[in-house]
Amino acid sequence: MKYSNPEVYISAVDIQNKIAELGRRISEDYKDGELTVVSISNGAMLFTADLVRAVTIPMHLDSIMISSYAGTESSGNISLRSEFKLDLSGKDVLIVDEILDSGNTLFYTRRKLLEQNPASLKICVLLNKQERRKVDVNADYVGFEIPDLFVIGYGMDYKEYFRNLPYIGIYKS
Ligand code: IMP
Ligand code: MG
């Protein structure tokens with residue numbers, strides 16, 4: 001693959017400022033309790049690592065692996081590639097993903113986690129592409145609203161490349 005780093009679309013500094021704000025809001029909203037964070041690997045790895053360090057209340061952290069994308073189009077064919085270890089029953093659960101696109105991934109994940117009867121279940125995403133939505137799912141915490149663009153970096157990939165970029169860029173083929 002011809003590899004060149006993309007231009008900056010959302011800078012590392014803007015990402016970190018937004019995460020500090022999200023962390024404050026989440027810490028305030030759950031301040032009388034505990035939080036169980038379920039992160040969706042691999043894409044949400046970087047976002048989760050920064051977000052949990054911006055949250056100041058007691059928490060548990062686990063991750064699940066879900067895949068639906070091949071190249072730049074969601075296959076709509078979701079598969080759960082690992083089982084989580086935490087018992088979510090009676091817990092206040094926050095699902096963390098880096099981007100909400102068609103909604104297939106989070107719709108499926110939410111349904112799966114609800115089977116464990118959590119006390120509450122909310123969703124936090126760094127990016128939301130509202131106009132791409134195909135199924136009924138919304139996030140309770142959103143970092144940035146973005147238009148219909150294929151973005152890479154900060155955990156997000158094109159064919160598994162670019163996840164390590166500290167900023168978010170736009171993929172151009
Ligand atoms: P959805 O199931 O269509 O909502 O897609 C969610 C997942 O697809 C995200 O967690 C990402 O892993 C991936 N994804 C969606 N949009 C993008 C993008 O613009 N760039 C990279 N990955 C994306
Ligand atoms: Mg993902």
Side-chain angles (χ1 to χ4, degrees), residues 1-12 14-16 18-19 22 26 36-52 54 61-86 88 93-115 121-173:
M1 188 180 93
K2 192 171 130 283
Y3 187 97
S4 62
N5 281 339
E7 278 171 40
V8 176
Y9 179 59
I10 303 175
S11 73
D14 288 348
I15 294 170
Q16 294 307 325
K18 186 62 77 174
I19 289 173
L22 288 171
I26 292 166
T36 299
V37 171
V38 176
S39 171
I40 305 186
S41 296
N42 292 325
M45 278 201 286
L46 278 68
F47 177 43
T48 305
D50 287 334
L51 182 68
V52 295
L61 173 62
D62 203 350
S63 66
I64 50 176
M65 214 178 204
I66 289 193
S67 45
S68 72
Y69 255 73
T72 60
E73 271 308 309
S74 176
S75 64
N77 189 353
I78 312 282
S79 60
L80 178 62
R81 292 170 50 209
S82 65
E83 292 294 339
F84 35 87
K85 298 167 284 296
L86 297 179
L88 303 181
V93 176
L94 182 66
I95 304 174
V96 174
D97 204 356
E98 81 289 7
I99 188 163
L100 179 49
D101 184 38
S102 72
N104 285 321
T105 303
L106 281 166
F107 187 85
Y108 171 89
T109 306
R110 187 181 59 186
R111 207 183 57 206
K112 272 283 186 199
L113 300 194
L114 282 172
E115 288 171 5
L121 184 61
K122 287 190 182 180
I123 293 174
C124 175
V125 295
L126 182 61
L127 305 176
N128 181 36
K129 290 198 257 185
Q130 189 65 38
E131 65 191 84
R132 293 265 303 170
R133 201 75 84 255
K134 293 199 184 100
V135 293
D136 184 22
V137 56
N138 284 301
D140 302 279
Y141 303 95
V142 175
F144 301 94
E145 298 284 345
I146 64 166
D148 181 5
L149 298 166
F150 195 81
V151 288
I152 47 179
Y154 199 66
M156 290 171 287
D157 71 302
Y158 174 70
K159 295 192 172 168
E160 298 301 327
Y161 288 102
F162 304 110
R163 290 194 195 274
N164 59 313
L165 294 179
Y167 63 92
I168 293 169
I170 298 166
Y171 178 73
K172 295 196 182 82
S173 49

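Whatever order the structure lists ligands and atoms in, that order sets their numbers, starting from 1.
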With a 4.5 Å limit on heavy-atom distance, are the side chains of V38 and V93 in contact?
yes
Got R132 and L100 here, is their nearest side-chain heavy-atom distance under 4.5 Å?
no
Taking atom 11 (C) of ligand 1 as the point of reference, which of K129, R133, E98 owns the nearest heavy atom?
E98
Enumerate the atoms of ligand 1 whose separation from the nearest heavy atom of G103 is less than 4.0 angstrom.
1 (P), 3 (O), 4 (O)
Does the side chain of I40 reach to within under 4.5 Å of the side chain of V96, using non-hydrogen atoms?
no
If I take atom CG from residue N5 and atom CD1 from residue I152, how far apart are they, to the nearest 0.5 angstrom?
8.0 Å
Note: E98 and F47 closest approach over all heavy atoms is CA-CD2, 4.2 Å
For ligand 1 and D157, I'd like to know whether there is a polar contact (N/O to N/O, distance under 3.5 Å).
no
Is it the side chain (CB and beyond), the backbone, both or neither of L149 that lies under 4.0 Å from ligand 1, heavy atoms counted?
backbone
Record the part of D97 in heavy-atom contact with ligand 1 below 4.0 Å; permitted values are side chain, backbone, both and neither.
side chain
So Y167 and P6, do their side chains get closer than 4.5 Å, heavy atoms only?
yes
Check if I99 has a non-hydrogen atom at a distance under 4.0 Å from any atom of ligand 1.
yes
Could you tell me which atoms of ligand 1, counted from 1 in the order shown, lie closer than 4.0 angstrom to a heavy atom of D101?
1 (P), 3 (O), 4 (O), 5 (O), 15 (C), 16 (N)
Counting distance only, does the side-chain N/O of R110 pair as donor-acceptor with the main-chain N or O of V137 below 3.5 Å?
no
Is the shortest side-chain heavy-atom distance between Y141 and I123 below 4.5 Å?
no
Can you find an N/O atom of M156 closer than 3.5 Å to an N/O atom of ligand 1?
no
I want to know if ligand 1 touches G43 in the polar sense, i.e. an N/O pair below 3.5 angstrom.
no
Taking a cutoff of less than 4.0 Å between a non-hydrogen atom of the residue and any ligand atom, is N42 in contact with ligand 1?
no
Taking only non-hydrogen atoms of S102 and a 4.0 Å limit, the atoms of ligand 1 in range are 1 (P), 2 (O), 3 (O), 4 (O)
